Amino acid sequence: MDLKELTLNIGDDKISEETNILISSLPSHTDFLADKLCNYQGCWYYYNTLQGVLNFQAGTTWLKALTVALMERSKNHSFDHHPLLSDGPHGLVPFLELHVYQESSSPNLDKFASPPRLFSTHMPLHAMHETLKDSPCKIVYLCRNVKDTLISLWFFRSAIHKMEPNQSILESTFEEFCNGTIYYGPIWEHVFSYWRRSLEDPKHLLFMRYEEMKAEPRGQIKRLAEFLGCPFTKEEEDNGLVDEILDFCSIRNLIGLEVNNTKRFRQTFFRKGEVGDWKNYLTPEMEKKLDIIIQEKLQGSGLTF
C-alpha cells in the first residue's frame, strides 16, 4: 500500500506518522466504489475509521432511540420536550470510532451527555477488549438476520454515495459480504464473538435479535431496561409507559420528527425495517451461497439465524 494513498483515503492530514506506517503495512482491499480498506486484527476498516479504532484502543437507529428513551426516564423528560425532538438517535448516541476517538486518544467527554453516557460502535469485540476489560460499562449488541443485514447494507451504501440501489451494486456488495472484505467484516466473526461473550458475561453484554424486537417489542424493551439497570416499575407499566416509549421510538414516528425530516437522512438511516425483506432482492443462487457460508462458519457454535 503506497503511503501517498493514505492522505486521500483518510482525509485528515493530522494522522500520526506511526499510524501512517502501520496502515501502510496492512493488507488492503479496494471495494467496488474504489474506496480502500485495510485489514487490522482480522477486521476490514476504511482508513479514516481505523484511525478512530486505534485511538480508542490507546445498529441501529431504533435501538439507539429506545436506549435514549429508557435512560432519559430518570430525568423526567416529557415526550413534548424530549432530547429525541432536538437531535437524532445518531447524534445522541455517537460512534466511538467515528465521532469520539477519531481525532484523539484522549477526547473531552464533557462535551457529550452527562453520565451515564451512551456511545455506539461497529467495532468487533476484540478491538475493545483491552480498553473495556476492567470497565463497568455495559454493551448491548443487536444482531440481525444475515440476509436482511446484507440488503440493509446495500441500500445504506447506495444512499451514502448518492446512487440508485441497482443490481450491479447489490452483486458487488454480495461478493464482498461473502468473502469477508466488507466494512467491519467478516460479519461471521463479528457476530459470533459478541454472542459468545454474552453467554460468558451476561451481566455486561446483552445480545439482542432484531427479529425478536419486531416480534415481541414489549418483552424486549423490558429486557433491555432491566439490563441497563433502569427496569420499569409496576406503576410505569400500569400507566402505559412501555407502549408510549415504543410508539415514540417507532420508525414511523422517528421519520416524522422534524429533526430527522431531511431527504438524505431518511434515505440513509430509515427504510422498511421489515423482517425477511431479503426475499424481494436476493436470487436463489445468492440465497443458497449464503446458506452454505452461514452453515460452514457457524457450524457447532450453537448460534443460528
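It should be emphasised that the depicted structure is a prediction, and the values quoted were computed from it without experimental measurement.
Judged by the 6.0 Å distance and 45° axis criteria, Arg218 is not positioned over the aromatic ring of Phe232. Geometrically, Lys64 engages Phe95 in a cation-pi contact defined by less than 6.0 Å to the ring centre and at most 45° from the axis. Note that Lys297 lies outside the cation-pi zone of Phe192, set by a 6.0 Å cut-off to the ring centre and a 45° limit from the axis.
Note: Tyr183 and Tyr46 meet the aromatic proximity criterion, with ring centroids under 6.0 Å apart. Taking the six-membered ring for Trp and the full ring otherwise, the centers of Tyr45 and Tyr184 sit less than 6.0 Å from each other.
Applying the 6.0 Å contact sphere to CD of Glu200 captures more than 12 heavy atoms from other residues, nucleotides or ligands. The local environment of NZ in Lys138 is crowded, with over 12 non-hydrogen atoms from other residues, nucleotides or ligands closer than 6.0 Å. Other residues, nucleotides and ligands contribute only 12 or fewer heavy atoms inside 6.0 Å of the CD atom of Glu164. Atom CD of Glu287 sits in a crowded spot, with more than 12 heavy atoms from other residues, nucleotides or ligands closer than 6.0 Å.
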### Task
Go through Trp278 and Thr149 one step at a time and tell me if the side chain to side chain contact (heavy atoms under 4.5 Å, CB included) criterion holds.
CA-CA 9 Å; Trp278 61 267; Thr149 298; over 6 Å; no
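Checked for salt-bridge contact, Lys289 and Glu175 meet the test: a charged N lies under 4.0 Å from a carboxylate O. Between Asp110 and Arg117 there is a salt bridge, since a side-chain N of the basic residue sits under 4.0 Å from a carboxylate O of the acidic one.
Of the inter-residue distances, the one linking Asn253 atom CG with Leu246 atom CG reads 11.5 Å to the nearest 0.5 angstrom. Note that NE2 of His122 is 7.0 Å distant from CD of Glu97, once rounded to the nearest 0.5 Å. Annotation: the span from Leu142 atom CG to Ser120 atom OG amounts to 12.0 Å, rounded to 0.5 Å.
Ring orientation note: the planes of Phe207 and Trp195 are nearly perpendicular, at an angle over 60° on the 30°/60° scale.
Shown here for Pro107 and Val100, the closest heavy-atom pair between the two residues is CB-O, 3.3 Å.
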